Amino acid sequence: MAKFNKKKDGDLPAVSTASLPDIVFMLLFFFMTVTVMKDSSLMVQNTLPNASEVKKLEKKDRVLYIYVGKPTREYQKVFGTEPKIQLNDKFANVSEVGDFILQERAKKSQELQNVLTTALKVDKDANMGLIADIKLELRKVNALKVNYTTYEGDAFRNLQ
Amino acid sequence: MPRRGGPPEVNAGSMADIAFLLLIFFLVTTTIETDAGLDRMLPPMEPPDTDVVIKQKNIFTVNINKNGQLLVEEELLDLKQLRGKAIAFLDNGGDGSCNYCKGKKDASSSDNPTKAIISLKNDRETKYGTYITVQNELVGAYNDLRNREAQRLYGRNFTEMESEFLNPETPASTRDDLKVKVQKVQGIFPQKLSEAETSTSN
């Protein structure tokens with residue numbers, strides 16, 4: 001005759017948490033492969049405009065970033081509220097843009113140096129005068145491929 | 001005292017905590033977005049040796065003033081109509097040498113899409129957002145026309161073929177095939193968008 005152990009009443013079996021690390025590791029690896037490291041923290045307000053005819057910027061290793069916008073609130077006391085240029089982690093003048101491009105270009109490997117794109121991340125409230133000055137500097141150092149980075153969306157929303 | 005029954009088990013209960021810590025670190029320090037935007041080529045610094053004479057009717061002038069108003073071909077124009085106007089200009093085919101154009105063949109507008117140039121001027125005080133909207137509409141005009149031709153020749157959209165061509169994950173054989181097609185369509189409607197120096201007056 002088989003013997004059955006009678007379950008004690010009101011005693012739920014504990015849920016095994018042994019597979020919890022595996023699940024978390026899975027999440028971890030997902031994020032490690034899908035994301036990229038932030039290279040610099042933003043010191044300027046950067047609400048990009050919208051555009052619908054966008055092209056994706058593939059291959060992050062051949063892109064140089066220039067940020068333009070009003071300084072964020074904590075920097076406004078020192079730098080004022082006029083739109084400024086941010087290169088890497090510091091504010092810069094228009095005249096420094098050319099040197100920055102040359103420096104960054106020298107850091108890249110030989111075969112990438114001719115295919116670099118300059119991504120302009122400009123706040124939509126900035127004035128075109130500053131952008132025109134940057135474009136002139138870029139032309140001086142022969143960095144002719146530019147990408148006006150935008151959000152994907154209806155371009156007419158920029159006007160409001 | 002002799003040990004009974006194998007080595008003691010290492011407690012793995014804190015493994016999840018360690019993994020969570022790593023996970024949170026990566027969540028905080030990384031970004032997931034891929035950037036997208038409008039690709040443009042700036043003109044080289046050295047002017048070309050020979051002065052090219054361009055007929056006035058082959059130039060489509062777009063002026064943006066500091067209030068974001070548009071002056072297109074000497075007329076005030078709403079931004080929403082810009083794309084249609086640009087398409088009509090590019091697709092005009094005035095001298096009849098363009099056999100794929102579907103425009104009005106107006107003799108006072110552009111001769112041929114390969115000769116048509118869009119000239120964009122802006123004020124130093126123009127808002128960047130407005131400028132991008134105008135750029136977007138002009139690129140959109142080119143894309144609309146290229147899509148039309150690509151549909152006629154290959155039965156699919158130009159923008160779709162181009163993004164597949166630019167995607168590094170596309171196999172090389174497909175890309176070689178697409179390269180020919182993309183360049184063909186680009187040659188039919190070459191993007192000639194000139195940006196003059198910005199004006200300071202008014």
Side-chain angles (χ1 to χ4, degrees), chain A residues 17-18 20-25 27-28 31-32 34-38 48-60 63 65 68 83 117 119-132 135-136 138-140 142-152 155-159, chain B residues 12-20 22-23 25-45 64 66 68 79-80 122-143 159 162-163 166-169 195 197-198 200:
Chain A
T17 56
L20 188 61
D22 303 345
I23 297 164
V24 177
F25 267 117
L27 275 173
L28 175 64
F31 276 98
M32 278 174 73
V34 169
T35 59
V36 282
M37 282 281 178
K38 269 184 206 162
L48 300 176
N50 295 297
S52 53
E53 313 286 334
V54 294
K55 279 186 214 164
K56 285 232 170 69
L57 260 181
E58 309 280 0
K59 295 174 186 161
K60 297 230 164 196
V63 181
Y65 294 97
V68 181
T117 306
L120 291 170
K121 292 194 162 188
V122 183
D123 191 274
K124 64 178 175 186
D125 288 326
N127 285 340
M128 276 311 292
L130 188 58
I131 314 299
K135 282 202 285 192
L136 189 66
L138 291 178
R139 283 171 64 194
K140 277 184 196 163
N142 219 26
L144 300 178
K145 252 179 109 174
V146 294
N147 180 290
Y148 302 109
T149 308
T150 57
Y151 297 132
E152 238 174 310
F156 292 106
R157 288 219 308 264
N158 298 336
L159 307 177
Chain B
S14 56
M15 176 108 107
D17 302 347
I18 297 166
F20 262 122
L22 278 171
L23 175 65
F25 170 75
F26 272 95
L27 275 177
V28 169
T29 54
T30 58
T31 47
I32 197 162
E33 18 120 35
T34 38
D35 289 330
L38 302 169
D39 270 337
R40 292 249 61 91
M41 285 296 277
L42 299 176
M45 207 59 187
I64 321 170
K66 62 179 176 184
L79 240 171
K80 291 211 161 75
N122 56 270
D123 191 87
R124 283 189 73 86
E125 280 178 66
T126 308
K127 285 266 172 289
Y128 180 68
T130 317
Y131 173 77
I132 285 296
T133 311
V134 172
Q135 282 272 8
N136 185 63
E137 288 310 292
L138 295 178
V139 174
Y142 278 109
N143 279 349
T159 40
E162 194 185 30
S163 63
L166 292 173
N167 188 352
E169 281 160 30
E195 284 177 62
E197 312 281 316
T198 50
T200 39

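Just so we're clear, the structure is a prediction, and the values are computed from it rather than from any experiment. Quick note: numbers below take in every heavy atom, side chains included, and nothing from hydrogens, waters or symmetry partners.
Note on B:Ile132, B:Val139, B:Leu166: by heavy-atom pairs under 4.5 Å with chain A, the leading option is B:Ile132. For the options A:Val68, A:Leu138, A:Val122, heavy-atom pairs under 4.5 Å to chain B are most numerous at A:Val122. For chain A, the option among B:Val134, B:Thr159, B:Leu79, B:Thr130 with the highest count of heavy-atom pairs below 4.5 Å is B:Leu79. Ranked by non-hydrogen atom pairs under 4.5 Å with chain B, the options A:Asp125, A:Leu20, A:Ile131, A:Leu130 are led by A:Asp125.
The backbone N or O of A:Glu53 sits less than 3.5 Å from a side-chain atom of B:Asn136, completing a donor-acceptor pair.
Contacts between B:Tyr131 and chain A at a heavy-atom distance below 4.5 Å involve the side chain alone, from C-beta outward. B:Ile18 does not touch chain A: none of its heavy atoms, backbone or side chain, sits under 4.5 Å away. Proximity to chain B is limited to the backbone of A:Ala143, based on heavy atoms less than 4.5 angstrom apart. Looking at B:Asn143, the atoms closer than 4.5 Å to chain A (heavy atoms on both sides) all sit in the side chain, from C-beta outward. Neither the backbone nor the side chain of B:Ser163 comes within less than 4.5 Å of any heavy atom of chain A. Contacts of A:Asn50 with chain B are made by backbone atoms alone, with heavy-atom separations under 4.5 Å and no side-chain atom involved.
Going from atom OG1 of A:Thr117 over to atom CZ of B:Arg40 covers 13.5 Å, rounded to the nearest 0.5 Å. A distance of 8.5 Å separates CG in A:Leu27 from CG in B:Leu27, rounded to the nearest 0.5 Å.
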*For the pair B:Glu125 and A:Met128, evaluate side-chain contact (heavy atoms from CB on, under 4.5 Å) and give the outcome as yes or no after the intermediate values.*
CA-CA 6 Å; B:Glu125 280 178 66; A:Met128 276 311 292; over 6 Å; no
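Taking every heavy atom of both residues into account, B:Met15 and A:Pro21 meet most closely at CG-CB, 3.5 Å. In terms of heavy atoms, B:Tyr128 sits closest to A:Asp123 at CD2-O, 3.5 Å.
Partners of A:Asn127 according to the side-chain contact (heavy atoms from CB on, under 4.5 Å) rule, which considers only residues two or more places apart in sequence or in another chain, are B:Lys127. Applying the salt bridge (Lys or Arg N to Asp or Glu O under 4.0 Å) test to B:Lys80 and every residue at least two apart in sequence or in another chain returns nothing.
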